[in-house]
2 protein chains.
Amino acid sequence: MEARIEKIKQQLQSQGYKLTLQREATLRVLLEHEADHLSAEDVFLLVKEKAPEIGLATVYRTLELLSELHVVEKLNFGDGVARYDLRNDNNQHHHHHLICIKCGSMDEVKEDWLLPLEEKLAVEYGFTVIDHRLDFQGICAACNKLE
Amino acid sequence: MEARIEKIKQQLQSQGYKLTLQREATLRVLLEHEADHLSAEDVFLLVKEKAPEIGLATVYRTLELLSELHVVEKLNFGDGVARYDLRNDNNQHHHHHLICIKCGSMDEVKEDWLLPLEEKLAVEYGFTVIDHRLDFQGICAACNKLE
DNA sequence: TTACTTGCAAATCATTTGCATCCAA
DNA sequence: TTGGATGCAAATGATTTGCAAGTAA
């Protein structure tokens, strides 16, 4: 945890940004909730527990900044709020989402199944893939059992 | 065109909805711009040319309704506006998006590359896929040439 | 006739911004 | 010391909603 924060601190400083108390508190919340897909509001409420003075605007600004630095990934599941996922150490994101339309649960496939497709795009379409996003909507294993 | 409208009319009526002038004008705009990814505002302006009395709220309500009926697909490319795509006749959508981060163009791959993955999900995860979404961000062929 | 629809304006809700003040490096 | 950062409140922009009046079936 400390190592990851240190690393991000250096990433910030190399671009002329500062690691403020608020930014560090926000990062810690993100690290502690790595499995979730928190909205800015969610992050705000959690950070408030440690740093009550923080403002919502700061959280938005921090998340936007971390997003530009590819520390977090900004996601949109179509429910009207942006959600933020911490990326792994390489700042890569190679997982896909399984969104259950019955219970609303969201699971992840932590593998990258798209490399062959990205290859195909390069060859057949001349398109260089930098990032991708793959979500599946359907019925999760638990809900399937309930039927 | 008429046939598709007739079909959608029946789909509406079978659920107790009416095909009003406004809804028909909206459908015609969507049909005429099938290749685009129009926002509600875009649709509103285009419909206004044929039916000047229409209100923006009606366009939103119509698009929402058509989305529930799976006539259109509501998309979100992360630019703060929802966009709407007409689905094909089976109400299936089997295409993927190529979004260029240089020029902002959006291309489509009109094939479904995910069937093998959906099979894998069913077997390995017990997850029944109903719908999916796949977008690639990267550099398009045209921008690649300019380099 | 009678639900379902509409247009309008007002309301919501997420996100952004201006600005005076603050603080990490 | 000083340019980037913050908190607050106000502004913005997309989308939704209440309501009286309109209309397709």
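Order of the sequence lines fixes the chain letters, A, B, ..., with proteins taken first and strands second; residue numbering starts at 1 for each chain. Keep in mind that the numbers below use all heavy atoms, side chains included, and drop hydrogens, waters and symmetry copies. This structure is a prediction, so every number in the text was calculated from the model and none was measured.
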Enquirer: Please test A/Thr58 against A/Thr20 for side-chain contact (heavy atoms from CB on, under 4.5 Å), starting from the C-alpha separation and ending with a verdict.
Expert: CA-CA 11 Å; A/Thr58 300; A/Thr20 60; over 6 Å; no

Enquirer: Give me the atom names and distance for the closest heavy-atom approach of A/Gln11 to A/Ser14.
Expert: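 Heavy atoms only, the tightest pair is O-OG, 2.8 Å.
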
Enquirer: Nearest whole angstrom, please: distance from the P of D/dA14 to the CG of B/Asp42.
Expert: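 Taking CG of B/Asp42 and P of D/dA14, I get 11 Å after rounding.
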
Enquirer: Rounded to whole angstrom units, what separation is found between the CG atom of A/Leu38 and the C1' atom of C/dA14?
Expert: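 Roughly 16 Å, once rounded to whole Å.
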
Enquirer: Round to a whole Å and report the spacing from CG of B/Leu63 to P of C/dT6.
Expert: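 Distance, rounded to whole Å: 11 Å.
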
Enquirer: Can you tell if the side chain of A/Leu121 reaches within under 4.5 Å of the side chain of B/His96, non-hydrogen atoms only?
Expert: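 Not touching, per the 4.5 Å side-chain cut-off.
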
Enquirer: Can you measure A/Leu27 atom CG to D/dA5 atom P for me and round it to whole angstrom units?
Expert: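 Computing the A/Leu27:CG to D/dA5:P distance gives 13 Å.
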
Enquirer: Within this structure, what is the NZ-to-P distance between B/Lys48 and C/dT6, rounded to whole angstrom?
Expert: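 Rounded to the whole Å, the gap is 15 Å.
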
Enquirer: Under 4.0 angstrom, heavy atoms only, what part of the nucleic acid is B/Glu41 near: base, sugar-phosphate, or nothing?
Expert: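 Counting heavy atoms under 4.0 Å across all strands, no contact is made by B/Glu41.
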
Enquirer: Could you give the CD-to-P distance, from A/Glu53 to D/dA5, as a whole number of Å?
Expert: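 Rounded to the whole Å, the gap is 17 Å.
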
Enquirer: Take A/Val43 and A/His33 through the side-chain contact (heavy atoms from CB on, under 4.5 Å) test and state the conclusion after the steps.
Expert: CA-CA 9 Å; A/Val43 174; A/His33 295 264; over 6 Å; no

Enquirer: What is the distance, to the nearest angstrom, from the CZ atom on B/Phe44 to the C1' atom on D/dG13?
Expert: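 Taking atom C1' of D/dG13 as the reference, CZ of B/Phe44 is at 15 Å.
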
Enquirer: Do nucleotides 16-25 of chain C as a string where each nucleotide becomes B, S or -: B if the base has a protein heavy atom under 4.0 Å, S if just the sugar-phosphate does, - if no protein is that close.
Expert: BBB-----BS

Enquirer: State plainly whether the residues B/Arg28 and B/Glu2 are in salt-bridge range, i.e. N to O under 4.0 Å.
Expert: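 Result for this pair is yes, salt bridge flagged.
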
Enquirer: Are any non-hydrogen side-chain atoms of A/Lys9 and A/Glu6 less than 4.5 angstrom apart?
Expert: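 Touching, per the 4.5 Å side-chain cut-off.
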
Enquirer: Separation of B/Leu75 atom CG from D/dT15 atom C1', in whole Å?
Expert: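 The distance from CG of B/Leu75 to C1' of D/dT15 comes to 17 Å, rounded to the nearest Å.
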
